[in-house]
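By convention here, the first residue in the shown sequence is residue 1. Only this structure's heavy atoms are used, side chains among them; waters, hydrogens and symmetry mates stay out.
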Amino acid sequence: MYKYEEKTISTKPIFKGRILDVRVDEVLLPNGKTSTRELIKHPGAVAIIMVTDDQKIVLVEQYRKPMEKPLVEIPAGKLDEGEEPLACAVREMEEETGYECESMDKLISLYTSPGFADEIIHIYVAKGLKKKENAKGLDEDEFVDLMEVTLEEALELVKEERIQDAKTAYAIQYLQLQEALSK
């Protein structure tokens, strides 16, 4: 038991969708009072940091409806039911970019919005990239443009606010640190 744990008294399902579920929990607080928590349940996701042999970062640009604009991001995708994160990362990399890799190592798992959602994103680093012949294509409701940029160009995309999501900002910072450590 955690010092400030909130015990669930009741759960009320609000919405069940393809990507997420919404519920409202009534909770018992550590001080004995009760409160409600609006929660999003998500199956989790993966993201892949991809750098080519010529030191280009592989990114995708896609329209994001919640922000009503396109964003530039590292390749990523939702876990299918029962799917292992590594298998999902390999699948998403191929679908979104047409690449395969010699190795893929897990870097970190991060909660995206722990104040109201349980989504966890597993970030991998792919090494030994090569274009795959007859790669699987995008899902029928996905439209992305593939980009390959230098670290300096990626930093410019951050300044231009074309890169604004946390997983990609994390990836850029990770690559900056790797570059600094290699000097």
- [ ] Please round to the nearest 0.5 Å and tell me the distance separating atom CG of L110 and atom CD1 of I121.
- [x] 8.0 Å
Task: Atom pair CD1 (I74) and OH (Y174), whose distance is rounded to the nearest 0.5 Å - done: 11.5 Å
Open item on the list: Looking at N31 and K33, would you say the former's side chain and the latter's main chain have a donor-acceptor pair under 3.5 Å?
Closed with: yes
- [ ] Quick one: pull up CD1 in I57 and CG in L155 and give me the separation to the nearest 0.5 Å.
- [x] 7.5 Å
Open item on the list: Could you check whether atom NZ of K131 has more than 12 heavy atoms from other residues, nucleotides or ligands sitting under 6.0 Å from it?
Closed with: yes
Task: Whether over 12 other heavy atoms sit under 6.0 Å from K127 NZ - done: no
Less than 3.5 Å apart, which donor and acceptor atoms pair up between the side chains of residues 35-52 and the rest of the protein, not counting sequence neighbours?
{"from": "S35", "atom 1": "OG", "to": "R37", "atom 2": "NH1", "distance (Å)": "3.2"}
{"from": "R37", "atom 1": "NE", "to": "E6", "atom 2": "OE1", "distance (Å)": "3.0"}
{"from": "R37", "atom 1": "NH2", "to": "E6", "atom 2": "OE2", "distance (Å)": "2.8"}
{"from": "K41", "atom 1": "NZ", "to": "D118", "atom 2": "OD2", "distance (Å)": "2.9"}
{"from": "H42", "atom 1": "ND1", "to": "G44", "atom 2": "N", "distance (Å)": "2.8"}
{"from": "T52", "atom 1": "OG1", "to": "D54", "atom 2": "OD1", "distance (Å)": "2.3"}
{"from": "T52", "atom 1": "OG1", "to": "K56", "atom 2": "N", "distance (Å)": "3.0"}
{"from": "T52", "atom 1": "OG1", "to": "K56", "atom 2": "O", "distance (Å)": "3.4"}

- [ ] Step through the shown structure and confirm whether more than 12 heavy atoms of other residues, nucleotides or ligands are within 6.0 Å of OH on Y63.
- [x] yes
Open item on the list: Please say yes or no: joined through hydrophobic side-chain contacts below 4.5 Å, possibly via intermediate residues, are I9 and L29 part of one cluster?
Closed with: no
Contacts under 3.5 angstrom, residues 143-150 side chains, donor-acceptor by atom type, not counting sequence neighbours:
{"from": "E148", "atom 1": "OE2", "to": "Y99", "atom 2": "OH", "distance (Å)": "2.5"}
{"from": "T150", "atom 1": "OG1", "to": "E153", "atom 2": "N", "distance (Å)": "3.0"}
{"from": "T150", "atom 1": "OG1", "to": "E153", "atom 2": "OE1", "distance (Å)": "3.3"}

Task: Inter-residue atom distance E100.CD - M93.CE, 0.5 Å rounding - done: 7.5 Å
All N/O donor-acceptor pairs, side-chain side in residues 175-183, below 3.5 Å, sequence neighbours left out:
{"from": "S182", "atom 1": "OG", "to": "E179", "atom 2": "O", "distance (Å)": "2.8"}

Task: Evaluation steps, salt bridge (Lys or Arg N to Asp or Glu O under 4.0 Å), between E94 and R91 - done: CA-CA 5 Å; E94 180 183 342; R91 175 179 56 79; over 6 Å; no
- [ ] Sequence neighbours left out, what passes salt bridge (charged side-chain N to carboxylate O under 4.0 Å, His left out) with E92? Give chain and number order.
- [x] none
Open item on the list: According to a hydrophobic-cluster definition based on side-chain heavy atoms being under 4.5 Å apart (Ile, Leu, Val, Met, Phe, Trp, Tyr only), do F15 and F116 belong together?
Closed with: yes
- [ ] Please report the closest heavy-atom contact between E5 and P30, naming both atoms and the distance.
- [x] O-CG, 3.7 Å
Task: Between NZ on residue K7 and OG1 on residue T34, distance to nearest 0.5 Å - done: 13.0 Å
Task: Gap separating the CG atom of L86 from the NE2 atom of H122, nearest 0.5 angstrom - done: 11.0 Å
TODO: Can you sort out the partners of T112 under side chain to side chain donor-acceptor pair (under 3.5 Å), two or more places apart, ordered by chain and number?
DONE: E119
- [ ] Determine the minimum heavy-atom distance between G32 and L28, stating which atoms define it.
- [x] O-CD1, 3.3 Å
Task: Closest approach of L71 to Q164 (non-hydrogen atoms, all atoms of both residues) - done: CD2-OE1, 3.9 Å
Task: Partners meeting side chain to side chain donor-acceptor pair (under 3.5 Å) with D105 (sequence neighbours left out) - done: none
